[in-house]
Every structure is written in C-alpha cells, then in structure tokens.
Amino acid sequence: WLDDLQELWGEVGIPPEQQITRIKVVYENLSELMRAMVDEEKSRRDGYIENISKCRAECMRLAEELETQYEEPPEDYTVLKKEKTLRNQVSRVYWTIKSDERLSFRVILESIYEVLNPQRSSSLVFITLAPSILGKTADKRATSATKRSN
C-alpha cells in the first residue's frame, strides 16, 4: 500500500518532503488503530476471564450444594473454550434442577389430587390444575382436554 501511495504521489507531483509527512500521518493512524484494537481485545479477554471466575465460583457452589464433584476444564483450553465450557456446565446444572423441580411439583400435585379425589385418575390433575398454574394457554388446552374426557 505504501508503495502504491508513493507511486501515486510521484505521478501527482507531491515533493518527497510532503510524502514523508504523509507517510508519518499514515503510520500514526495505523498505530492509533492498532492500540485501540489491542485495548479492545484486552478488555474482551478480561471480560471472559471475569466470567470464567464467576462461572467457576457458581460451579463450585452448586457442586457443594448438590454434593457432587466439580471438575475444572483442562488447562490447555483457551480462555474462550474455558468460558464456554463453564457457562455450559452452569446452564446444564440449572436446567437439571429446574427439570427436577418441575417433576417434583407434578408428583406433589398428583399426590394431593389423589388424596382429595381417590375415585378419579391422577393423570387429570395436571389438566384440572394447569390453568391456574400455567395461565391462559394451559386453560384452553385443559378445557378442550376436559371436553374430550367427558
């Protein structure tokens, strides 16, 4: 690129002193751009490292709470790969907890329903109680399911 600029400046007739001045401006602009990019990338890296630290702490807390073993990602992982691995571990644990909670909630509802209505099938508990728990969408499904069962 610099050769192209010098060739153009020569064709136009810009004196060598002005060419040197313009080349210095080009170097200054490139240097400023590179410094800005380096600063931006350092900031991004620091954000990933901070997120790794938070995810690691959350994994350790969850492992202790759930009485399981926490496994650190391999040392040869890059910062991005460590961050993604730890973030996925936290997400998987929370997803598992939510699934277990939903299952437990359903079992409790079915148990309550069986105690209160021993003659009816416990599989209807979700249909009967879902509207109040899940909202309008469940209400429509429950209404149509109730109509079909009658």
Side-chain angles (χ1 to χ4, degrees), residues 1-8 19-150:
W1 295 331
L2 196 52
D3 290 339
D4 293 340
L5 281 175
Q6 285 178 325
E7 185 179 319
L8 287 169
Q19 288 183 20
I20 291 171
T21 304
R22 289 183 179 198
I23 289 172
K24 285 181 182 177
V25 170
V26 169
Y27 280 126
E28 287 172 12
N29 287 335
L30 285 173
S31 293
E32 188 177 317
L33 180 62
M34 292 303 289
R35 275 193 297 275
M37 288 182 73
V38 167
D39 290 345
E40 185 180 322
E41 292 302 320
K42 282 181 180 178
S43 177
R44 188 172 289 146
R45 178 204 57 200
D46 293 346
Y48 289 135
I49 290 172
E50 183 179 333
N51 200 27
I52 286 170
S53 180
K54 287 177 183 177
C55 287
R56 182 180 288 130
E58 186 67 6
C59 282
M60 292 168 89
R61 185 188 69 77
L62 289 169
E64 184 178 319
E65 207 174 278
L66 299 171
E67 298 176 357
T68 60
Q69 186 71 26
Y70 164 69
E71 261 187 61
E72 185 74 29
E75 284 299 316
D76 62 340
Y77 275 17
T78 65
V79 170
L80 279 174
K81 194 164 183 175
K82 277 184 186 179
E83 192 264 347
K84 182 179 179 182
T85 300
L86 290 169
R87 195 170 17 90
N88 286 340
Q89 283 179 5
V90 170
S91 293
R92 272 194 304 274
V93 171
Y94 277 124
W95 186 85
T96 302
I97 289 170
K98 290 285 184 195
S99 295
D100 290 349
E101 286 173 352
R102 278 189 231 118
L103 182 61
S104 298
F105 184 67
R106 186 177 177 131
V107 168
I108 290 168
L109 285 177
E110 287 176 355
S111 299
I112 290 170
Y113 191 80
E114 285 177 7
V115 167
L116 296 176
N117 298 304
Q119 300 86 4
R120 295 188 72 185
S121 168
S122 64
S123 64
L124 292 176
V125 69
F126 189 70
I127 295 170
T128 305
L129 296 176
S132 61
I133 296 167
L134 300 175
K136 293 179 183 178
T137 306
D139 189 30
K140 290 177 186 173
R141 281 190 238 139
T143 304
S144 64
T146 306
K147 287 179 185 175
R148 279 182 279 169
S149 67
N150 290 335

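Count residues from 1 along the sequence.
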Please tabulate, one pair per line, all N/O donor-acceptor pairs under 3.5 Å involving side-chain atoms of residues 58-70, not counting sequence neighbours.
from, atom 1, to, atom 2, distance (Å)
Glu58, OE1, Arg61, NE, 3.3
Glu58, OE2, Arg61, NH2, 2.7
Glu58, OE2, Tyr94, OH, 2.1
Arg61, NH1, Glu65, OE1, 2.6
Arg61, NH2, Tyr94, OH, 3.2
Tyr70, OH, Glu72, OE1, 2.9

Problem - Over-ring placement of Lys81 relative to Tyr77, 6.0 Å and 45° cut-offs - result: yes
Problem - N-O pairing of Arg44 and Glu41 below 4.0 Å - result: yes
Problem - Val25 and Asn29, any side-chain heavy atoms less than 4.5 Å apart - result: yes
Handout entry: Short side-chain to backbone donor-acceptor contact, Ser43 and Asp39, under 3.5 Å
Key = no
Handout entry: Ile97 side, atom CD1; Arg92 side, atom CZ - distance, nearest 0.5 Å
Key = 13.0 Å
Practice task
Using a cut-off of 6.0 Å, state whether more than 12 heavy atoms not belonging to Glu71 lie near its atom CD.
Solution key: no
Completion exercise
When rounded to the nearest 0.5 Å, the distance separating CG of Leu8 from CD of Gln19 is 10.0 Å
Practice task
Drop me the distance from Thr96's OG1 to Lys98's NZ, to the nearest 0.5 angstrom.
Solution key: 12.0 Å
Problem - Heavy-atom closest contact (Pro73 atom, Lys82 atom, distance) - result: CB-CG, 4.1 Å
Fill in the blank from the handout: To the nearest 0.5 Å, atom CD of Glu28 lies from atom CD1 of Ile23 at 12.5 Å
Handout entry: Rounded distance (nearest 0.5 Å) linking atom CZ of Arg22 with atom CG of Leu5
Key = 9.5 Å
Exercise for the section: Decide, yes or no, whether a salt bridge links Glu50 with Lys54 under the criterion of side-chain N to carboxylate O below 4.0 Å. Expected result: yes
Handout entry: Separation of Trp95 CH2 from Asn88 CG (nearest 0.5 Å)
Key = 14.0 Å
